[in-house]
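What you see is a predicted model, and the numbers here were worked out from it, not measured in a lab.
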Amino acid sequence: MTTKRFLFTITALWTLLLNAGAQPMDSEAQLQDSLLQMLTRFTTYMKADYQACQEPNSVGEACGCFRSSNTMKSNEDGVRTNADLSMVCAFLCKYARHQVTLPQGVTWADLETMARQSLVFAYSTHKANRLKICADGRHWGSTSQRDHSWESSLWAMSVAYSAYFQWDSLTEQQRQYIYQLLKAECNYELERTIPTGYKGDTKAEENGWEADVLAATLGLFPNDDLARQWFERMREFAINSYSHPADATDTTIVDPHYDGKRVCDLYRGANLYNDYTLQNHDYFHTSYQNVVIQELGEAALALSLFQGKDPKWHTNALLHNCREVCDSVLWWLALSDGELAMPNGNDWSLFLYDQLTSYSTMACLLHDADALMLERQAAQMIHHRQLTTPDGSWLLRSDIGARRMGVEAHRVMMTWLMHHHWPTGTLRPTAWADFRQRHAQARLLPCQQVVRASTPDHFTCFSWSKGLKSYTGYIAPHPDSRTPGRPIAETTNLIVPFKANNTGNLLGWFEVKGRRTNAVPASDPAWHIDGNTWSVDGHLLCNDSTLDWRFTITANDDNSLVYTDTVRARQAVTILKEKGGLLAISEDEMSSQQRRFAFGSNYVNIDDTFGVVSLSGKKMQLDQPRNNNSVLTSLLFTCYDDDVRNYAAGEIVSIRHLVFYSNVTLEQTIQLAQRLDDAF
């Protein structure tokens, strides 16, 4: 008998909660209003997170800082958190004062105080000013090749934006402190080498944030004696953010209005693979894949916004290869809720929709209708998730606490600013159905060994990752017209990206006595692409190479994905547990805490939405929800056996046959199970 866990039907109250305040975003005005309302709600969190300093800086200015896991310290967690939240408070004071009503307990005076005092703390603790010391006895920032900090230019950019929003109320001396901070950061950029390298740890993102601080400084101080040098260095960093091998021979003149420099003249080396993918943290990671667009967009925004109506400095370099990355990679991984699929999972909080401002950059600067559609979906999901928290924070169980809140608020703010500065006017967002149809075809990203396809019923993918080795995939059901009114998060996010023990979703793993739970490739995978169908033949050695595991996964052009495998012992082994056919199921406040699991002898159906039929004669096991990168997740093993079993070398340990169906009811799942059982 299979493990049973029956949950009640989703109540009307739960549906009401998820839809509460889910404002329509059918127009640019509605989008911007929703973004401001989100940031306004977030002020409750910011006020509770703020801490005044007991002592002023050395020139008597009151200061304060936003708390983090490293409050007032000189590292990323301390400085970046404070800079981002300072920027958001200052933004609201400049742009939202007459458009929103603040939550109870928060006043405009509060926001002004937090914006000003946190800015004072930021510039006072920088190495260029040294008016106050950080809590760890150090100062932050970069001043030269001999004295620099990784990522400080990114934090300095947020300081620059905060200063710009408050510029009219700053004293001349305070403006000088901002100048000294930014000049030091930019002069370091003039001394350093521009890094490149695409294997494992791309420098694309890092070069993007170096371009950011140069752009912000040029915007605030366009007539500086060093401005020309900063401008030319900014172009180099921009070209070498999404730098592609083809750039080495690209003779396109970057800025005909300025000089004759070509792309190939500015190119220093590749940060992208030939198929326009990249790796960071040693694997293909869609958050890093897209964030460079955000950075380059924010650089373009600072350069234009800060200079005003008659900009002295402008360049075409800042959107270099952004279109190619979207058309070759990102749009093929976009889901119906605006999320970007993560075939290898993620190593920070899931379902952040942190590509929001990358979409805004493409929509506002490059007039991309696909991006406009995805942006509105992502913004609605961020709004939806924020409603699950009592204090306006962006998510529950943040992986890095307040720093994650600052980063998310940063993106929501930048999206509003981009639409404010570059309205999309008459650009109409693509219809999701049309977008999906254009990206239905099965596609292999060869440099990352990731395959994907999209049918009317679901998105499917599988990754054979060479970096941090993992062999995993997942299915994202598309919302079905048969279930109108169901929140999109319930369906699209039903299955969570998940990897563990070098495998994860779909494969699962074995536990073998005296052996580690792991997997390594025995050979390269065999990929097969046919129209909208893909399949992969894989061969792994697992549990310290004691088991030989051969499998085939086929994603059909309908609503089904078929999994078959054969596992043999390579030597005498004792199997403690078999945990196969894994699906990581979200049971989270943002998706649904009321999942309905209906088990039969050879099937399971979830929410009248997703079904699995097993022809393997195995039990099914559903674990209790646990925190998985900020999302409560239950592991559903559709081929489960906890009987201790002994096998000799060469014996078959398990043969499994599974079919996964999207957009099927319980009744349909039962019928499919009977039909397949009869045929098998």
Holding to salt bridge (charged side-chain N to carboxylate O under 4.0 Å, His left out), I want the full list of residues that pass it with [X], two or more places apart in sequence or in another chain.
X: D558; answer: none
X: R443; answer: none
X: R516; answer: D544
X: R550; answer: D548

* To do: Using a cut-off of 6.0 Å, state whether more than 12 heavy atoms not belonging to R438 lie near its atom CZ.
  => yes
Restricting to side-chain contact (heavy atoms from CB on, under 4.5 Å), what partner residues turn up for [X], sequence neighbours left out?
X: L658; value: Y563, V612, S614, T638, C639, F660
X: Y198; value: A270, Y273
X: T574; value: K513, L576, V644, N646
X: A433; value: none

Side chains of [Y] and [X]: any donor to acceptor distance under 3.5 Å?
X: T277; Y: Q448; value: yes
X: S358; Y: N290; value: yes
X: N605; Y: T669; value: yes
X: H285; Y: N280; value: no

Show the nearest heavy-atom pair for residues [X] and [Y], with the distance to one decimal.
X: A476; Y: T492; answer: CB-O, 3.8 Å
X: S630; Y: D588; answer: O-OD1, 3.9 Å
X: C326; Y: I293; answer: SG-CD1, 3.6 Å
X: Y45; Y: G401; answer: OH-C, 4.5 Å

* Asked: Do D399 and R404 pass the salt bridge (Lys or Arg N to Asp or Glu O under 4.0 Å) test, and can you show the C-alpha distance, the side-chain angles, and the key distance before you say yes or no?
  -> CA-CA 7 Å; D399 59 333; R404 181 65 65 211; 2.8 Å; yes
* Check Q441, H439, H478 against S454 for a side chain to side chain donor-acceptor pair (under 3.5 Å) and give me the one that passes. => H478
* Pairs in or reaching into residues 568-585: which pass salt bridge (Lys or Arg N to Asp or Glu O under 4.0 Å), with residues at least two apart or in two chains? -> E511-K579, E578-K618, E578-R645, E578-R656
* Can you label the angle between the F435 ring and the W331 ring as parallel, tilted or perpendicular, going by 30° and 60°? =>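 F435 vs W331 ring planes: perpendicular.
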* Return each pair, listed once, that meets side chain to side chain donor-acceptor pair (under 3.5 Å) where at least one residue sits in residues 671-680; pairs must be two or more places apart or across chains. =>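 Every pair satisfying side chain to side chain donor-acceptor pair (under 3.5 Å) with a residue in residues 671-680: Q674-D678.
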* Hey, could you give me each pair passing ring-ring contact (aromatic ring centres under 6.0 Å, His included) that has a residue in residues 510-533? Not counting sequence neighbours. => F510-W549
State whether the side chain of [X] and the backbone N or O of [Y] hold a donor-acceptor pair below 3.5 Å, judged by distance alone.
X: N628; Y: T633; answer: no
X: R515; Y: L547; answer: no
X: N543; Y: T546; answer: no

Quick one, [X] and [Y] - any side-chain contact, counting heavy atoms below 4.5 Å?
X: W348; Y: S287; value: yes
X: Y647; Y: I652; value: no
X: L635; Y: L582; value: yes
X: V659; Y: L672; value: no
X: D275; Y: V329; value: no

* To do: Only counting residues at least two apart or in another chain, list the ones meeting side chain to side chain donor-acceptor pair (under 3.5 Å) with N344.
  => S463
* **NZ/NE/NH1/NH2 to OD/OE distance under 4.0 Å, D642 and K619** => yes
* Is the closest basic N to carboxylate O distance between K203 and D201 below 4.0 Å? -> yes
